[in-house]
Structures are given as structure tokens and as C-alpha cells.
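Bear in mind the structure is a predicted one, so any value in this text is a computation, not a measurement.
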Amino acid sequence: MTTTADRAEFVAGSRAPDKQAQEGKRVATTAHIALILWSLLVILPLLWTLLSSFKTTQEILGNPLSLPGKLQFSNYSSAWTTAGIGRYFANTVVVVGSALVLVMILGAMCAYVLARFSFRGNRLIYYSMLAGLTFPVFLAIVPLFFVLKNLALLNTLPGLIITYVAFALPFTVFFLHSFFKALPGEVYEAAQIDGAGEWRSFFSVMLPMARPGMASVAIFNFLGLWNQFLLPVALNTDSNNYVLSQGMASFASQAGYAVDFGALFAAVVITVAPVLVVYIIFQRQLQVSVAAGSVK
């Protein structure tokens with residue numbers, strides 16, 4: 001026989017899921033509104049910059065929010081040739097590309113050895129690498145200046161490449177260490193039984209298995225190196241070797257009040273476009289890689 005207390009308990013239990021569902025909907029709605037506002041804060045400035053790159057200086061100064069009367073594709077050619085953005089772009093590709101290849105190879109090898117082999121000083125080297133992550137860049141500017149000067153690498157692209165590698169290496173080792181640590185030892189042992197040496201085991205077996213971590217850290221390193229400003233400004237003062245960040249600053253300041261704003265916005269689009277393209281292409285790979293690392 002059902003009592004009044006039992007009926008009240010049943011009604012309360014049936015209402016609980018409804019209350020939880022309503023609360024979940026409110027949380028989801030609030031989250032979506034916050035994400036929409038955040039997206040507008042990011043997308044609208046990018047859209048305004050893109051539209052401004054097709055406008056004349058008079059249109060930009062007259063009404064910054066108006067649509068371009070006629071698409072000024074000449075702004076891009078002017079930025080690429082007259083402002084020297086083409087040369088700065090080529091320098092950036094050489095510096096970032098070379099530094100990225102070197103830091104990925106060296107970082108993977110170092111992380112693999114620290115993660116898979118036990119030897120005296122292993123933890124000391126690893127924690128020394130981690131200490132490099134806490135070292136502010138601006139504190140190393142003066143020592144780096146004199147080191148590169150003594151090596152005759154100051155104001156050169158090779159000197160900038162070596163500096164980029166040095167500052168990106170600690171993060172690369174830290175990120176890849178956990179991936180190599182989590183790889184199954186049975187696969188390595190099987191490769192050894194089949195006659196593979198240490199180099200063959202690393203490049204043919206272990207490194208491909210750490211591809212998710214390699215992809216993630218490569219993307220992070222690319223974004224950080226491409227947007228680097230302090231190091232090239234302090235260590236690369238030769239205008240012929242400027243990278244994009246330096247070239248943009250020089251272009252914006254060299255003409256004073258007579259800046260060609262259309263070409264300037266076009267230069268900004270040229271600078272930002274590779275970063276957006278890389279992220280759009282590899283965003284799914286980045287999400288999968290980070291998820292795989294968290295599961296491990």
C-alpha cells in the first residue's frame with residue numbers, strides 16, 4: 001500500500017531530473033552567449049582589418065567603418081614591393097622554418113633520451129630544461145647580444161635561428177617528454193630483437209608513435225616563433241635581415257603622418273594570414289593531439 005510519504009518522494013524524484021535539465025540548459029545558454037561575444041571580439045577586428053586593406057587612405061581616415069568604394073588590390077602589391085614586406089616575409093620563412101626543423105629534431109631526441117633511458121644526471125638535465133621555461137626572455141638579451149657578437153652572428157639570420165632554437169627547446173622537451181614516457185616499452189624491445197639499433201628504433205619506431213605530440217608542439221612553436229618580436233629587435237638590427245614583426249614596426253613608423261594606411265593594413269593581413277591558415281588546417285590535429293596527451 002502506497003503511503004503519502006512514498007508518493008511525495010516519488011514526485012520529488014521525478015522533478016529532480018527536470019530541474020537538472022533546466023539548469024543544464026541555462027548553463028549551456030550562458031556558455032553559448034559568452035562564446036558568441038568572445039567570437040565577435042576576435043572576428044570583428046580581423047574583418048575590419050581585411051576590409052581596410054582594400055580601401056584608400058582617404059577612405060580609412062574619412063569613415064573607418066565604411067565599406068571600400070573600390071577594391072584596392074594595389075595595396076597588397078605596394079606593401080609587398082614598396083614597403084619591403086616580401087623580403088621580410090622571405091626572411092621570416094627562412095628563420096622560422098629552419099628553427100622549427102632544428103628544434104623539433106633536437107627536442108624530440110633530447111626528450112626521448114630523458115624519458116626512456118636512466119643514467120646519472122637524467123633528472124638534473126630535465127629540471128634544468130624546465131628551469132629554462134621560467135627564465136624571462138628580456139633578462140637574456142644582453143648576454144645573448146655579446147655571445148652572438150663574439151661568434152660573429154649578430155645581425156645575421158643564422159644567429160637569429162640559433163637563438164630561436166635555444167628558447168623553444170625547453171618547451172619542446174617538456175611537452176614531448178610525457179609522450180615518449182607513455183609509449184609502450186614492448187614495441188621498443190621488439191625493434192631491438194629484430195636487430196634495429198638505437199637510431200633506427202628512434203626514427204622508425206618510437207618517433208612515429210609520438211606523432212600526436214610532435215604535431216602539437218610543432219604548431220605551438222610555429223605560432224610563437226612567427227610572432228616573435230623582442231629577440232629580433234634586439235639581436236637583428238640590419239634592415240636587410242628584418243623579419244615580419246620588425247618590418248611591420250618599421251613600415252608603420254618610417255613615414256610619420258604620411259603612412260599609406262591601405263598598404264599598412266594589407267601588410268597586416270599578409271603577416272596574419274599564414275598563422276590563420278596553419279591553425280585552420282591543423283586545428284583538428286591539434287585538438288586530437290592535446291586530447292591524446294591528456295588521456296596518456
Side-chain angles (χ1 to χ4, degrees), residues 86-116 125-126 129 132-133 137 140 144 147-148 151-180 183 197-232 235-236 240-247 270-286 288-290 292-293:
R87 182 174 71 253
Y88 305 146
F89 188 92
N91 291 340
T92 306
V93 170
V94 171
V95 171
V96 174
S98 302
L100 189 61
V101 171
L102 288 174
V103 77
M104 291 306 299
I105 294 175
L106 296 177
M109 295 172 66
C110 184
Y112 173 74
V113 171
L114 292 175
R116 308 295 299 187
I125 296 174
Y126 178 68
M129 286 286 184
L133 293 174
V137 176
L144 275 174
V147 168
L148 293 179
L151 295 175
L153 293 175
L154 190 64
N155 300 326
T156 65
L157 296 183
L160 202 57
I161 292 171
I162 294 174
T163 305
Y164 279 11
V165 171
F167 275 91
L169 192 60
F171 170 75
T172 305
V173 173
F174 169 72
F175 198 99
L176 294 178
H177 184 273
S178 60
F179 277 87
F180 284 116
L183 294 181
E198 294 295 346
W199 290 96
R200 182 68 180 275
S201 300
F202 172 69
F203 284 105
S204 300
V205 179
M206 308 303 285
L207 191 60
M209 293 178 63
R211 189 177 301 170
M214 295 287 291
S216 297
V217 76
I219 294 171
F220 287 130
N221 280 333
F222 172 80
L223 297 178
L225 296 178
W226 187 272
N227 296 322
Q228 184 62 244
F229 181 72
L230 179 59
L231 290 175
L235 306 174
N236 183 38
N240 293 324
N241 294 329
Y242 275 4
V243 294
L244 273 174
S245 56
Q246 292 175 279
I270 294 173
T271 303
V272 175
V275 177
L276 292 178
V277 169
V278 168
Y279 181 76
I280 291 173
I281 294 175
F282 295 103
Q283 62 172 332
R284 185 174 297 276
Q285 178 65 42
L286 180 62
V288 172
S289 301
V290 173

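When the ring-ring contact (aromatic ring centres under 6.0 Å, His included) test is applied to F202, the partners found at least two apart in sequence or on another chain are Y112. When the side chain to side chain contact (heavy atoms under 4.5 Å, CB included) test is applied to L276, the partners found at least two apart in sequence or on another chain are V272. For I125, the side chain to side chain contact (heavy atoms under 4.5 Å, CB included) partners two or more places apart in sequence, or in a different chain, are L114, F119. The side chain to side chain contact (heavy atoms under 4.5 Å, CB included) test applied to S201 returns Y188, A191, Q192, A196, not counting sequence neighbours.
Applying the side-chain hydrogen bond (donor to acceptor under 3.5 Å, both in side chains) test to residues at least two apart or on different chains, the pairs with a partner in residues 152-171 are N155-T237.
In this structure, CE on M214 lies 12.0 Å from CD1 on I219, to the nearest 0.5 angstrom. Between atom CD1 of residue I270 and atom CZ of residue F89 there is a gap of 8.0 Å, rounded to the nearest 0.5 Å.
Between F175 and N221, the closest side-chain pair of non-hydrogen atoms is not below 4.5 Å. In this structure, H177 and M129 have side chains that are not in contact, with every pair of non-hydrogen atoms separated by 4.5 Å or more.
Counting all heavy atoms, side chain and backbone alike, A168 lies closest to T172 at O-OG1, 2.8 Å. Minimum heavy-atom separation, W226 to P274: CZ2-CG, 3.5 Å.
Note on ring orientation: taking the six-membered ring where Trp is involved, the planes of W199 and F203 are parallel (angle under 30°, cut-offs 30° and 60°).
Taking a 6.0 Å sphere around CZ of F174, one finds it holds 12 or fewer heavy atoms contributed by other residues, nucleotides or ligands.
A donor-acceptor contact shorter than 3.5 Å is absent between the side chain of N91 and the backbone of L157. Remark: the backbone N or O of P212 is paired with a side-chain donor or acceptor of S216 at under 3.5 angstrom.
With L148 as reference, L235 is the one residue of I162, L235, L160 to meet the side-chain contact (heavy atoms from CB on, under 4.5 Å) rule.
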Side-chain atoms of residues 92-110: list all donor-acceptor pairs with protein atoms under 3.5 Å, sequence neighbours left out, distances to 0.1 Å.
from: T92; atom 1: OG1; to: Y88; atom 2: O; distance (Å): 2.8
from: T92; atom 1: OG1; to: L244; atom 2: N; distance (Å): 2.8
from: S98; atom 1: OG; to: V94; atom 2: O; distance (Å): 2.8

